[in-house]
Number of protein chains: 2
Amino acid sequence: MGRASGVASAAPAAPAASADAADGPCPRPLRADAKRNRQQLMDAARAAFTERGAEASLEDIARRAQVGVGTLYRHFPTRQALLEAVYVDEVEALCTSAEGSADAEPWDAMVAWFDRFVDYVATKKALVDEMMASVGKDAPVFRACHDAIFAAGEPLVARAQADGTVRADVEFVDVIRMVSGLCMIKNASPEEIRRVLRMALDGLRFQPTA
Amino acid sequence: MGRASGVASAAPAAPAASADAADGPCPRPLRADAKRNRQQLMDAARAAFTERGAEASLEDIARRAQVGVGTLYRHFPTRQALLEAVYVDEVEALCTSAEGSADAEPWDAMVAWFDRFVDYVATKKALVDEMMASVGKDAPVFRACHDAIFAAGEPLVARAQADGTVRADVEFVDVIRMVSGLCMIKNASPEEIRRVLRMALDGLRFQPTA
DNA sequence: TCACAATACGGAGGCCGCCTCCGGTTAGCA
DNA sequence: TGCTAACCGGAGGCGGCCTCCGTATTGTGA
């Protein structure tokens, strides 16, 4: 993560991770078996959501994780909770990809990030159905991811604006909304989406003559 | 409908309509009670999908239509079939709205139609989840709707291109893909979407200097 | 090392929606 | 009026959702 308030929670890949960070005082650090099962559930869920979509059967996820449904529901009371847990990880990965482009041309750096944004999203449509919905929503987890995305992308747009390449009257919210929308295009190849993205982004540098 | 191969089937509003047009020779014109039930089902479905989303319970739709589930499934073997039947009607309405703008400025006429497109879609997100998926897909019904939309919108874009307002190298498929994507933006007010749409459409008239 | 809470596990069970199947009903023709 | 093809409706099998509670495991204090 770059700056940004660090999206929070979501146990890392390592098995012995610190799966704390709920909201309250957190009296106990989660028992060993619980920690293990939680991780297995997240892994199974990530796989299932990726290949079957956000509607993947929770019972099936539990089976894949070699865990009873009860356990699944204890860790993640709702499908939404599970979806979020997985998706927070993903967002982090996306956001870090914004770093290290400081030396490129502002416009190119910006376009490149949005390219990655779209590619990235393409591989997890299911998860991102939720993620897209977060732009503008104020649920706690969403809020954090939303912030992370802004922290990653806004500077890129600002730089292109300072540079004069992007017209001054566009706002990042609108741009991210636009790109989010384009991510939802169905039945289009990556190249097709990229072409559309280029076209739409060109709107950012159109200088109204009026 | 303008030109276009007339989207087909989907019984009109009038109760005594000719609900034929399946695919084959159609030996019988559908019995009176069947015709009535079919209409009730479509009405109930339209309402249910609009207010509960595309996941609305089919059993509930049958109940609302005061018909057994069996009847529902006989008329519409799959949820998809029902969705399509309802959605064909909707697309027709959208397409006809492209007519009568021949006297406006090409750019304005085009923008206005896409505005309507987005507004229209906004009120039936559920249905249009399917519709959006149709751009590029080749299922029979989809094909027809797809054609109808192209027949309605393509001339508008072509006119703006002939006019020189829209750059010559954009293709209608891409434009409709772009707008379709924007329709999917979540949690945004109509004005916000309109702003994004304007921004994206400006990309069509950006003249690359290179 | 042992014993005993505190925690966590897992799956049976109630509920609901999907879809199929078939005995009973009805429209419409002769 | 009688007959039959066409149609109706809902019971029933299946699978997913979620809850509840008896059983198993962990880890801590003696």
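FYI, side chains are in, hydrogens and waters are out, and symmetry mates aren't considered; it's all heavy atoms of this structure. Residue numbers begin at 1 in each chain, while the letters A, B, ... track the order of the sequences.
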In whole angstroms, the gap separating C1' of D:dC17 from CG of A:Leu82 amounts to 14 Å
Self-check item: Side-chain heavy atoms of A:Val157 within contact of A:Leu204, under 4.5 Å
Solution: no
### Message
So, does A:Thr71 get its side chain near the phosphate of C:dG10, meaning an N or O under 4.0 Å from OP1 or OP2?
### Response
yes
Separation of D:dA5 atom P from B:Arg74 atom CZ, nearest Å, is 17 Å
**Prompt:** So does A:Ser57 get a side-chain nitrogen or oxygen closer than 4.0 Å to the phosphate oxygens (OP1/OP2) of D:dG15?
**Reply:** no
When rounded to whole Å, the OH to C1' distance for the pair A:Tyr73 and D:dC18 reads 5 Å
Here the distance between atom C1' of D:dC17 and atom CD of A:Gln80, to the nearest Å, is 16 Å
Donor-acceptor contact present, side-chain B:Arg79 to main-chain B:Glu55, <3.5 Å | yes
d(A:Leu201 CG, A:Asp115 CG) to nearest 0.5 Å is 8.0 Å
Rounding to 0.5 Å, atoms CE (B:Met178) and CD (A:Glu192) come to a distance of 15.0 Å
Whole-Å distance, B:Lys35 NZ to D:dA6 P, equals 15 Å
| Which class fits the ring pair A:Phe117 and A:Trp113: parallel under 30°, tilted 30 to 60°, perpendicular over 60°? | perpendicular
(message) Looking at D:dC8, I'd like to know if its phosphate oxygens (OP1 or OP2) sit under 4.0 Å from a side-chain N or O belonging to B:Asn37.
(response) yes
Between CZ of A:Phe76 and C1' of D:dC18 the distance, given in whole Å, is 16 Å
Comparing B:Gly70 with A:Gly68, nearest DNA chain C nucleotide closer to 5' gives the residue A:Gly68
Any base atoms under 4.0 Å from A:Val69, or only sugar-phosphate, or nothing? Heavy atoms, all strands.
base
> Base, sugar-phosphate alone, or nothing: which one does A:Arg79 contact when heavy atoms must sit under 4.0 Å apart?
Replying inline: sugar-phosphate
In whole angstroms, the gap separating C1' of C:dA8 from CD of A:Gln66 amounts to 17 Å
Output for pair (A:Phe76 CZ, A:Met42 CE), nearest 0.5 Å, gives 6.0 Å
By nearest-nucleotide position on DNA chain D, the 5'-leaning member of B:Glu59 and A:Asp60 is B:Glu59
From CD1 of A:Ile61 across to P of D:dG15 the rounded distance in Å is 18 Å
Using the 3.5 Å cut-off, write out each protein N or O paired with an N or O of nucleotides 26-30 of chain D and the distance between them.
{"from": "D:dT26", "atom 1": "O4'", "to": "A:Arg31", "atom 2": "NE", "distance (Å)": "3.3"}
{"from": "D:dG27", "atom 1": "OP1", "to": "A:Ala32", "atom 2": "N", "distance (Å)": "3.2"}

So does B:His75 get a side-chain nitrogen or oxygen closer than 4.0 Å to the phosphate oxygens (OP1/OP2) of D:dC8?
yes
Point to revise | Close side-chain approach of A:Val111 to A:Arg116, heavy-atom, < 4.5 Å | key: no
